[in-house]
Amino acid sequence: MSSSVACARRVTNVLVFLCCGFSAWASQQLSISEIFAHSRLLANFSNNVDNNLVQGLTEILRTPSNTRLRVVHELQHGRMAHTFLDIMKTYATITADNMPSWLQHLANFLDRYSRGVCPVHHGDMVLMVKHTASSGLPMLRRAIFAKLATAWLTTLGKRIPDIALEKLGEVILKLYRIHKDSVIQKGVMEYFHISKAGGTSWNSAAKLNGCVRARSAGSHVKGFGDECRWMDQNVYRNLTGRRILWGRWGRVSRATRQHGCRARYDYVASKGFSYISNEYTIQGGHDSILDAHICPQFVNVVTLRDPIKRMESNIRFIMMHIKVAHRRHGKEDRFNSTFCNASAALWEALGPPITDNYIVRSFLGVEGFHTPLGHISAEHVAAARDQLLQFDLVLDLDAGPEANDRFAQQGLGWSAALSAAHALDSSILSIKMQLNYSICHPEQTGLETLFRRQGPDQQLYRFGRIINQLDELWLDLSRALGEKPEQQQCGMLFRGSNNSALASAIARMTGRLSSAGKGGMIRPEGGQKQQGIPDGALDSMDADSEVEAEAEADMDGADLPR
């Protein structure tokens with residue numbers, strides 16, 4: 001059977017599965033109150049054990065007015081954000097009596113937002129685009145649902161008042177349509193790939209759904225400097241006498257000429273991509289973790305995973321790679337003596353970020369990612385939490401394939417399910433590479449010590465699960481109310497970046513994409529140098545690229561597991 005025929009049959013099977021699965025779900029005809037009651041967020045709530053849920057909902061409610069982050073794009077739409085915060089403050093506690101009025105105010109706010117336009121500064125141009133082309137309001141949407149969930153658990157007595165049902169349905173649909181309009185108008189996703197949290201499956205799903213994407217490994221855009229920074233190259237070379245592909249720890253700035261969101265977007269739009277992946281950290285953060293930010297030009301999606309599972313998977317993957325390299329050069333005994341039963345201290349020296357709250361680091365920007373070992377604090381967790389709330393969709397790998405398939409279908413319009421995507425199964429690869437983890441593994445007591453140090457990551461993951469379950473509740477409600485996503489090639493991203501609302505506005509203004517996307521030297525607005533990058537840094541970044549290319553050539557592709 002040809003590969004094209006096999007692929008076609010595979011996608012057909014996925015579509016049948018999705019149709020049958022969703023039909024069965026919809027046939028239950030659950031009411032809004034029943035969907036709340038059966039949701040993963042609220043179904044098993046217990047006042048005695050679920051303080052984490054109450055605290056998480058409280059944090060989500062407080063964040064729009066209390067965040068210390070200096071760049072939160074959806075809060076920077078002038079009076080729009082102030083209007084929303086005034087509504088939420090006026091209705092401090094939701095009851096059966098005031099809920100219809102609160103929902104009416106929200107519906108009016110969302111109507112104005114969906115119809116409105118706002119100025120977008122792009123280089124020396126000021127462009128007018130729809131509000132939804134700038135933000136789908138993920139932080140504010142979650143604040144609304146956090147308030148609803150809190151009221152459900154307290155003042156509403158776990159039921160939605162009949163007099164509020166119609167208006168609640170209206171608000172749910174308006175939120176979904178704003179999200180849908182935002183995804184379509186942006187036309188390109190930046191998938192934030194936290195290593196060993198399902199990124200390979202996401203990249204494969206993007207391919208199965210026909211998205212136009214970067215062809216390099218991991219769907220990274222070549223030249224953006226978004227590759228992972230797992231390991232200290234010098235430590236690895238001292239241990240083995242060789243270099244390793246992921247030895248970028250200590251390279252703080254990205255080795256790129258496309259600095260900042262504007263330049264990244266222009267380049268992506270010039271290529272017509274509808275999907276890219278970033279496996280390093282979010283943008284900015286040269287001076288402070290509070291300056292780090294996501295790029296509003298893109299649909300921002302992230303997948304989280306239990307931190308202990310993620311760290312263990314990361315270590316095992318690296319061990320497998322190192323074993324292959326040693327075997328190829330006839331030094332397998334050296335691998336066994338160095339890495340089998342290796343101490344926690346060796347792994348901390350070899351891979352500082354992967355052994356010390358890698359997930360939190362990922363949301364802190366370039367300097368924050370390289371926070372010294374053992375110095376991730378409550379301040380870092382708070383900043384990461386506020387960043388996470390700005391992602392358009394937050395998925396949980398541990399929610400399972402069925403939940404994530406349904407989530408991606410309603411949230412993105414992706415017909416080819418994530419469960420059908422090729423995943424790099426480390427257990428299968430380890431058998432192929434003859435690496436028996438029951439015999440060769442990090443020293444157990446030291447590994448348990450590393451596990452106990454992942455407290456910040458555990459806090460962020462628990463918070464992220466609440467966000468994921470809020471998103472799931474909203475998407476399930478929108479589906480039950482009859483709202484459907486676009487299901488064309490690449491789902492709601494079918495327009496692609498070069499046909500996005502912003503690209504169209506640039507074309508109307510100039511007749512072409514801005515020159516930043518043509519590969520020239522990028523400088524920020526006003527001709528000033530990029531903040532936080534000293535003189536000569538670009539030259540040193542180019543040198544870093546040469547070192548990386550040399551390291552990859554020295555490794556030889558045969559070192560990589562296939």
Compute the centroid of each ring, for Phe363 and then for Phe391, and state whether the two points are separated by less than 6.0 Å. yes

Minimal heavy-atom distance between Arg361 and Thr281, with the atoms involved, is O-OG1, 3.7 Å

Around atom CD of Glu166, are there more than 12 heavy atoms from other residues, nucleotides or ligands closer than 6.0 Å? no

Under 30°, 30 to 60°, or over 60°: which ring-plane class applies to Tyr91 and His105, parallel, tilted or perpendicular? tilted

Side chains of residues 372-383: which donor-acceptor pairs under 3.5 Å do they make with residues two or more places apart or in other chains?
residue : atom : partner : partner atom : Å
His375  : ND1  : Leu373  : O            : 3.1
Ser377  : OG   : Glu379  : N            : 3.3
Ser377  : OG   : His380  : ND1          : 2.9
His380  : ND1  : Ser377  : N            : 2.9

From Ile87 atom CD1 to Lys147 atom NZ, the distance as rounded to the nearest 0.5 Å: 11.0 Å

Shortest non-hydrogen pair, Ala143 vs Phe84, comes out as CB-CZ, 4.2 Å

The ring-ring contact (aromatic ring centres under 6.0 Å, His included) partner of Trp414 among Trp202, Phe494, Phe407 is Trp202

Taken to the nearest 0.5 Å, the spacing of Arg142 CZ from Leu473 CG works out to 12.5 Å

Passing option when Val302 is tested against Leu395, Leu393, Leu388 for side chain to side chain contact (heavy atoms under 4.5 Å, CB included): Leu388

Parallel, tilted or perpendicular: rings of Trp249 and Phe369 (30°, 60°): tilted

Which value, rounded to the nearest 0.5 Å, describes the distance between Arg305 atom CZ and Tyr461 atom OH? 9.5 Å

Pairs touching residues 107-120 that satisfy side chain to side chain donor-acceptor pair (under 3.5 Å), sequence neighbours left out: Gln104-Asn108, Asp111-Lys174

Heavy atoms of other groups near Arg68 CZ, more than 12 under 6.0 Å: no

What orientation do His193 and His220 show, parallel under 30°, tilted 30 to 60°, or perpendicular over 60°? tilted

Sequence neighbours excluded, the answer for salt bridge (Lys or Arg N to Asp or Glu O under 4.0 Å) partners of Glu486 is Lys180

Can you tell me how far apart CD (Gln410) and CG (Asp476) are? Round to the nearest 0.5 Å. 8.0 Å

I'd like to know if the side chain of Tyr358 pairs up with that of Ser195 as donor and acceptor (distance under 3.5 Å, no hydrogens or angles considered). yes

Identify the two heavy atoms, one from Ser134 and one from Val129, that lie closest to each other, and give their separation to 0.1 Å. OG-CG2, 3.9 Å

State plainly whether the residues Arg465 and Asp398 are in salt-bridge range, i.e. N to O under 4.0 Å. no

Students often mix this up, so state it plainly: with edges at 30° and 60°, are the rings of His293 and His73 parallel, tilted or perpendicular? perpendicular

To the nearest 0.5 Å, what is the distance between OH (Tyr176) and CZ (Arg479)? 8.0 Å

